[in-house]
Amino acid sequence: MAQKPAIPKGTRDFLPIEVARRNYIFDTIKQSFKNFGFLPIETPSFELSQTLMGKYGEEGDRLIFRILNSGDKQKKADIQALEEGNLPRFANSLSEKALRYDLTVPFARFVVQHQNDLSFPFKRYQIQPVWRADRPQHGRYQEFYQCDADVVGSDSLLYEVDFVQLFDEVLTNLGLPSFTIHINNRKILSGIAEVSGESDRLIDITVALDKLDKIGEEGVIKELTEKGVADSSIEKIKPLLTLSGSTKERIEIMRNYLSTSEIGLKGIEELLFVLDTVEKLGVEKANIVFDVTLARGLNYYTGAIFEVKADGVKMGSICGGGRYDDLTGLFGMPNMSGVGISFGADRIYDVLKELELFPKEVGQGLEVLFVNFGETEQAHCLPLVKDIRKNGISCELYPSKAKMQKQMKYANDIQVKYVAIVGENEIENNIIQLKNMETGEQEEVSVEELIMLVKK
RNA sequence: GAGGUUGUAGCUCAGUAGGUUAGAGCGUCGGAUUGUGGUUCCGAAGGUCGUGGGUUCGAGACCCAUCUUCCUCCCCA
C-alpha cells in the first residue's frame with residue numbers, strides 16, 4: 001500500500017451524516033439570528049497580518065496561523081533580523097498575511113472599511129471557519145466554525161438582553177436540556193482592581209480570578225503573588241474568592257465592595273439592568289449566573305461578558321461574547337461601541353453527540369430506491385423515477401442489475417425509507433410494490449399513491 | 001510554548017524476557033438463497049507493524065529523530 005494519506009493535526013473530514021448534523025446546528029442558529037434581526041456577511045479566510053496581530057494579546061498572536069509569502073516576496077526576508085535573533089521581526093518579513101483567528105476582529109475591520117454603506121446600529125451574523133495554531137485537545141481544533149452575531153453603533157444594554165435571549169432560544173431549540181449562561185462585566189473587574197489598589201494589574205488579576213474553580217482559592221492567591229500583586233491588595237481581593245449566596249445576594253455584596261469605585265458601580269448597574277430585564281421576559285432552559293470570576297482572555301472587552309456552558313458535560317464553554325467599546329478604534333473609527341456573541345458550532349456538535357440529542361431524521365438521505373431487475377424493467381422505471389423526483393421526493397434507481405439481496409442490503413445500509421420493486425408482473429399491471437424499510441410492510445400502489453404516501 | 005501519552009488489517013484491539021510464514025472480533029467481498037434488508041452458517045481477500053535512521057546474527061518489540069493521537073498546563077470555541 002502507498003503511504004497512508006493524512007490530514008493535518010486538529011483538522012477533520014466530515015462524513016455525510018456529520019455534515020447533515022452540522023448543518024442542522026448551523027440552520028438552527030441561522031434561524032434565530034434572522035429572528036433577532038441579524039443579516040449575514042462574509043469576510044476572507046485570511047487577512048493582512050497587521051489587521052490581526054496584536055488584537056488578541058500575546059497568547060493570541062502566538063496562535064495565529066501565518067501565511068508564508070510566495071515567490072519573489074520571499075526575497076524580502078529580513079536576514080539581519082534573523083541573525084540578530086529577532087524572530088518576530090524575521091517572521092513578519094516573511095509573512096504579510098494570516099488566517100483569521102476569530103470573526104470579531106475581521107468584522108471590526110469590515111465595519112470601518114464599509115462605514116459609508118452601513119446604517120447604524122449595524123447588526124450582522126457570520127458563520128465561517130476560523131483557525132488557531134493551538135494544540136488539539138478534547139473539543140479543541142485548529143480549524144473550527146464560529147457563528148457570530150454582533151451589533152455595532154449602539155451602547156444600548158437592550159442588546160445585551162437580546163443576546164442572552166438569543167443564547168436561550170438557540171440552545172433550547174437544539175434540545176439542550178440544561179445550560180448555564182455565566183455573565184459578568186469588565187467594569188466590575190476594573191472596579192476590583194481599583195478598590196484593591198492595583199488598577200494597572202487588571203489583566204493579571206482577572207486572569208488569576210478566572211482560574212478560581214480550577215486551581216482553588218490558594219492557587220489564585222499564589223498566582224497573584226507570583227504576578228507581583230501586593231499582599232495588602234490580595235487581602236482585599238480574598239473575600240471575592242469565597243462569595244456565596246444567590247446571584248442577587250452576591251451582586252449586593254459586590255455593590256458594597258465597589259462602593260468607592262465609580263466604574264465598578266457602573267458595572268453593577270449595567271449587570272443588574274440586564275439581569276432584571278431578562279428575568280422579566282423569562283427564559284426557557286437557561287440558568288443565568290453572575291460569575292465575578294468570569295474574565296475571558298480577549299482584552300478588547302469593556303462591558304458585559306458572557307460565557308455559556310452545557311450542564312453535565314465535560315467541555316469548555318460552547319458560546320462566548322461580550323461588549324467592546326473601541327474595537328473599531330484600532331482601525332481608526334472611534335466611539336463605535338459594539339457587542340457580540342459567538343456560538344462554537346464544533347463544540348456544540350460534540351455536546352449534542354455526547355448527549356445523543358440529534359433528532360433521528362437528521363441525515364436521512366434517499367427516500368425511494370427502485371430495485372433494478374434488468375434492461376426492460378430499467379427502461380420502465382426511469383420515467384417513474386423522474387416523475388417522483390419532480391414531486392420533490394429524492395429517488396433513485398439501483399445502477400445495475402444485481403442480486404435482489406444485494407440491492408436490499410444497499411438500501412438498508414444507506415437507510416432508504418422506501419424500496420420500490422417493479423418487475424415483470426408489476427409492469428404488466430402498471431403498479432409498484434412499495435416496501436417500507438422501517439416496518440417491513442409492503443403494498444401495491446400507483447405512482448400517484450406513492451407520491452402521496454411518501455410526501456406525508 | 002512546557003510536560004506526559006499513543007500509533008499493528010477498513011474499524012476496535014491482542015502480540016509474553018527481542019527468535020520461524022504477525023493474530024482475533026467486527027466490517028468488506030463471495031457462497032448457502034436466480035423477486036425481498038438489518039439474524040444464521042461456510043469460505044476468501046486484506047498488514048513493507050506511523051515514517052526515517054540506529055543497536056543486533058535477528059526488531060512489531062530496544063535507542064534516537066520526526067509526524068500523529070489523547071491528556072495536563074497555557075490559552076480558548
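Residue numbers start from 1 in every chain, and the chains themselves are labelled A, B, ... in the order their sequence lines are given, proteins ahead of strands.
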Quiz item: Could you state the interatomic distance from CG (A:Leu330) to OH (A:Tyr324), rounded to the nearest 0.5 Å?
Solution: 12.0 Å
Quiz item: Is the ring centre of A:Phe343 under 5.5 Å from the base ring centre of B:rA77, and are the two planes under 30° apart, so that they stack?
Solution: no
Quiz item: A:Arg140 has an atom CZ; how far is it from atom C1' of B:rC76, in whole Å?
Solution: 5 Å
Self-check item: Interatomic distance, A:Glu426 CD vs B:rU36 P [rounded to whole Å]
Solution: 12 Å
Self-check item: Close side-chain approach of A:Lys401 and A:Glu377, heavy atoms under 4.5 Å
Solution: no
Exercise. Consider the side chain of A:Arg135, meaning its heavy atoms from C-beta on, and name the nucleotide among B:rU69, B:rG37, B:rG1 that approaches it most closely.
Key: B:rG1
Quiz item: If you check every side-chain atom of A:Asn425, which of B:rA77, B:rG35, B:rU36 has the closest atom?
Solution: B:rG35
Quiz item: For the pair made of CD in A:Gln407 and P in B:rG37, what is the distance, rounded to whole Å?
Solution: 12 Å
Practice problem: Check for a donor-acceptor pair, side chain of A:Asn184 on one end and backbone N or O of A:Val292 on the other, with a separation under 3.5 Å. | Solution: yes
Self-check item: OP1 or OP2 of B:rU33 under 4.0 Å from side-chain N/O of A:Lys409
Solution: no
Quiz item: Which whole-number value in Å describes the distance from A:Asn412 CG to B:rU39 C1'?
Solution: 12 Å
Exercise. Determine: side-chain N/O of A:Lys211 to OP1/OP2 of B:rC75, distance under 4.0 Å, yes or no.
Key: yes
Quiz item: Hey, does the side chain of A:Thr439 reach the backbone of A:Glu441 with a donor-acceptor pair shorter than 3.5 angstrom?
Solution: yes
Quiz item: Roughly how far apart, to the nearest Å, are B:rC11 and B:rG47 at atom C1'?
Solution: 14 Å
Quiz item: Among the nucleotides B:rC76, B:rC75, B:rU36, which one has an atom lying closest to any side-chain atom of A:Gln442?
Solution: B:rU36
Exercise. Return the value, rounded to whole Å, for the distance between atom CG of A:Asp134 and atom P of B:rU68.
Key: 14 Å
Quiz item: Within less than 4.0 Å of OP1 or OP2 of B:rU36, is there a side-chain N or O belonging to A:Lys406?
Solution: no
Exercise. Measure from the side-chain heavy atoms of A:Arg62 and tell me the nearest of B:rC74, B:rU36, B:rU69.
Key: B:rC74
Quiz prompt | Pairwise P distance for B:rG10 and B:rU51, with rounding to whole Å | solution = 13 Å
Practice problem: Determine, for A:Arg12 against A:Asp346, whether the closest basic-nitrogen to carboxylate-oxygen distance falls under 4.0 angstrom. | Solution: yes
Self-check item: Whole angstrom value for the distance that separates C1' of B:rU68 from OH of A:Tyr141
Solution: 16 Å
Quiz item: Quick one: which of B:rU28, B:rG35, B:rG37 gets closest to the side chain of A:Lys435?
Solution: B:rG37
Quiz item: Should B:rU66 form a Watson-Crick or G-U wobble pair with both distances under 3.5 Å, which nucleotide is its partner?
Solution: B:rG50
Self-check item: Proximity to the side chain of A:Gln137 - top-ranked nucleotide from B:rG37, B:rG35, B:rC71
Solution: B:rC71
Quiz item: From B:rA77, B:rG35, B:rG37, pick the nucleotide closest to the side chain of A:Met404?
Solution: B:rG35
